[in-house]
Amino acid sequence: MNPNSEHAHPEPALDSYTRDLLEALGDDESSSRNNPADEARGQVEQLLTQAMGNDFTTPIVNLFTFLLRQKQEHACSPTAFGIDRATLERLALKHQEIDEHMVSLGGRLTQALPIAAEANERVDAYLQDQEEIAPSGIETWDTILENQERIKKKLSISDDEWNSFQGQIRNAIDSIDTLAELIDLPSSAIESIARVTQTYRMRLTPYYTSLIMAANSNDPIMLQAIPTGEMIDNAGIEIPPVAADHSPARLIDQFYPRVVTIKATNMCAMYCTHCLRLAHIGRKDQIYSRDAYTEALNYIRANDRIRDVLVTGGDAFVLPNSMLEWLLDELDGIDHVKVKRLGTRVPVTVPMRVDDELLDIIEKSNDRKPIRVVTQINTAQEITPVSRDTFRRISKRCFTILNQAVLLKGINDSRVKMWKLCETIQEAYVRPYYIFNCSYRNPQFKHFRVPIEVGRDIVESMYGNISGDAIPRYIATAGGKIPLHRSNVVSSDNNTYVLKKPWNNQEASYPDADPALYDDQKLSFAHYDK
Ligand SMILES: *Cc1c(COP(=O)(O)O)cnc(C)c1O
Ligand code: SF4
């Protein structure tokens with residue numbers, strides 16, 4: 001329902017679109033002289049019978065579409081087919097009477113259908129290319145299963161181990177030697193990875209490794225998970241220290257008065273080559289002491305402006321269930337904390353971690369105060385039947401699941417790849433929330449950076465072409481999240497704006513609210529004195 005829709009006139013009458021249509025079909029000197037081909041005559045006869053014979057709108061539209069084409073292409077008017085103007089008018093009115101919203105025949109045929117056809121063209125190239133350019137892990141599942149069998153055999157992983165979090169972590173690939181056994185890499189790449197992994201951490205779960213498509217030499221899973229020589233070439237071997245300017249208390253990061261993060265662990269199941277928290281990750285996995293958590297919680301307790309707390313890391317889901325339960329209990333016990341978030345990539349890197357006990361903990365806390373699970377998925381390739389099912393199960397236990405993607409060169413920096421990502425995650429119960437322009441802060445991954453303008457083109461191209469709630473906000477991280485969207489206001493004059501439709505660059509005139517009325521102190525009911 002469109003709350004702004006106008007009420008149609010209850011008595012059907014020919015509108016101007018339909019009158020124009022009838023005019024276009026009418027006899028003129030050239031057309032009345034032309035006799036139609038036998039085949040066309042037979043078709044019109046059939047279409048006419050169908051249009052008169054039942055109470056559907058489509059046969060009427062089909063008849064008029066055919067007649068219009070006959071007129072335009074062969075100069076044959078309806079009279080040449082033995083159809084008079086009165087019959088045409090009767091059918092046009094019938095169309096309007098059948099239609100629940102009294103849409104006129106002319107409106108549908110000459111306006112709505114061509115507009116829809118033009119809109120279809122905007123997505124046809126995407127629909128044609130998406131499966132080849134940006135296949136989802138659901139579409140490549142057969143290959144992933146073959147990869148899994150190969151990896152299990154090579155690393156002697158049993159099915160039980162494969163299906164358990166501990167088994168995945170125990171068998172995680174953290175050396176170039178193991179990696180080279182599983183993936184065919186050029187020797188120069190092996191050398192470079194060996195050099196980089198002396199400084200930068202690498203860890204891929206066997207599951208995440210199985211998503212790598214060997215045929216693609218720049219596979220987006222490899223690019224995200226396997227550090228390459230550029231990291232050192234860009235920044236040397238010293239990892240710059242953590243920026244201290246946003247940490248007012250132990251484990252706490254704070255940009256905003258009402259939202260803070262607790263970095264509850266430095267662990268992740270997989271280490272991203274574009275990680276903003278690179279400096280936190282360190283050489284060793286750490287879950288912190290109760291003292292550290294207590295100080296962080298005390299900071300939150302003492303600041304009653306804080307209403308939203310993000311438990312992140314690293315990855316919140318690598319915390320043991322008991323620890324996560326305790327943290328959530330503590331947060332739920334603070335009156336001014338109203339909502340919570342859990343930051344995790346586990347559902348795409350090691351979905352086996354999401355056990356029923358964890359889901360119960362999430363649901364129990366979500367029943368007290370809403371929990372949003374915030375994840376990071378950068379390509380459709382990361383959504384497999386397994387990760388999709390994991391998100392489905394999580395989505396039943398929490399308020400919502402949000403995705404924060406990072407715009408990365410070669411990984412998702414095109415329309416097709418980003419549209420496919422946003423649509424695929426939405427189909428997997430995850431809402432696109434942010435697209436981050438890859439940050440300048442860590443020089444290690446400047447080879448992944450994409451110009452702001454390229455991201456704007458991509459995000460803007462989504463408007464009108466994919467569901468509105470699958471369109472993320474485009475953000476620069478610079479001491480807080482700064483929106484990067486392009487303005488669609490072209491100009492304004494006389495209290496009327498000229499707006500640009502992002503999907504076809506057409507302009508729309510949009511009168512603003514009347515400022516005098518807005519300044520009027522009285523709102524509706526205030527006019528009626530008691
Ligand atoms: C991302 C982030 C937030 C949350 O920002 P939202 O716009 O509310 O999603 C808060 N604090 C820090 C330190 C962050 O990095
Ligand atoms: S999951 Fe997040 S914190 Fe962990 S390595 Fe990736 S980007 Fe960094």
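Just so you know, ligand 1 is whichever comes first in the structure, and atom 1 is the first atom listed for that ligand. What you see is a predicted model; the values in this text were computed from it and never measured. In this chain, numbering begins with 1 at the start of the sequence shown.
Residues in residues 340-354 take part in these salt bridge (charged side-chain N to carboxylate O under 4.0 Å, His left out) pairs, two or more places apart or across chains: Asp308-Arg341, Asp332-Lys340, Arg345-Glu382, Arg353-Asp355. Judged as a side chain to side chain donor-acceptor pair (under 3.5 Å), the pairs with a partner in residues 419-428 (not counting sequence neighbours) are, in order, Tyr126-Glu423, Gln130-Lys420, Glu139-Lys420, Trp419-Ser461, Gln426-Asp469.
Side-chain contact of Tyr207 with Thr384: a donor-acceptor pair under 3.5 Å is present, judged by distance alone. Under the 3.5 Å distance criterion, with hydrogens and angles disregarded, a donor-acceptor pair is assigned to the side chains of Glu230 and Thr228. Residues Thr375 and Asn403 bring no donor and acceptor atom of their side chains to less than 3.5 Å of each other. In summary, the side chains of Asn234 and Gln444 do not present any donor paired with an acceptor at a separation below 3.5 Å, with no hydrogens or angles considered.
Using a 4.0 Å cut-off between charged side-chain N and carboxylate O, Arg392 and Asp389 make a salt bridge.
When each of Thr197, Asp174, Asp285 is paired with Arg203, the side-chain hydrogen bond (donor to acceptor under 3.5 Å, both in side chains) condition holds for Asp285 and for no other.
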Go ahead and list the nitrogen or oxygen contacts between ligand 1 and the protein that come in under 3.5 Å, distances to 0.1 Å, or just say none.
| from | atom 1 | to | atom 2 | distance (Å) |
| --- | --- | --- | --- | --- |
| ligand 1 | 5 (O) | Lys481 | NZ | 3.2 |
| ligand 1 | 7 (O) | Tyr434 | OH | 2.5 |
| ligand 1 | 8 (O) | Arg341 | NH2 | 2.7 |
| ligand 1 | 9 (O) | Arg341 | NH1 | 2.7 |
| ligand 1 | 9 (O) | Tyr433 | OH | 2.7 |
| ligand 1 | 15 (O) | Lys481 | NZ | 3.3 |

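Note on atom 4 (Fe) of ligand 2: protein N, O or S atoms under 2.8 Å away count 1, no waters included.
In plain terms, the two heavy atoms of Leu421 and Ala405 that are nearest each other are CD2-CB, 4.0 Å.
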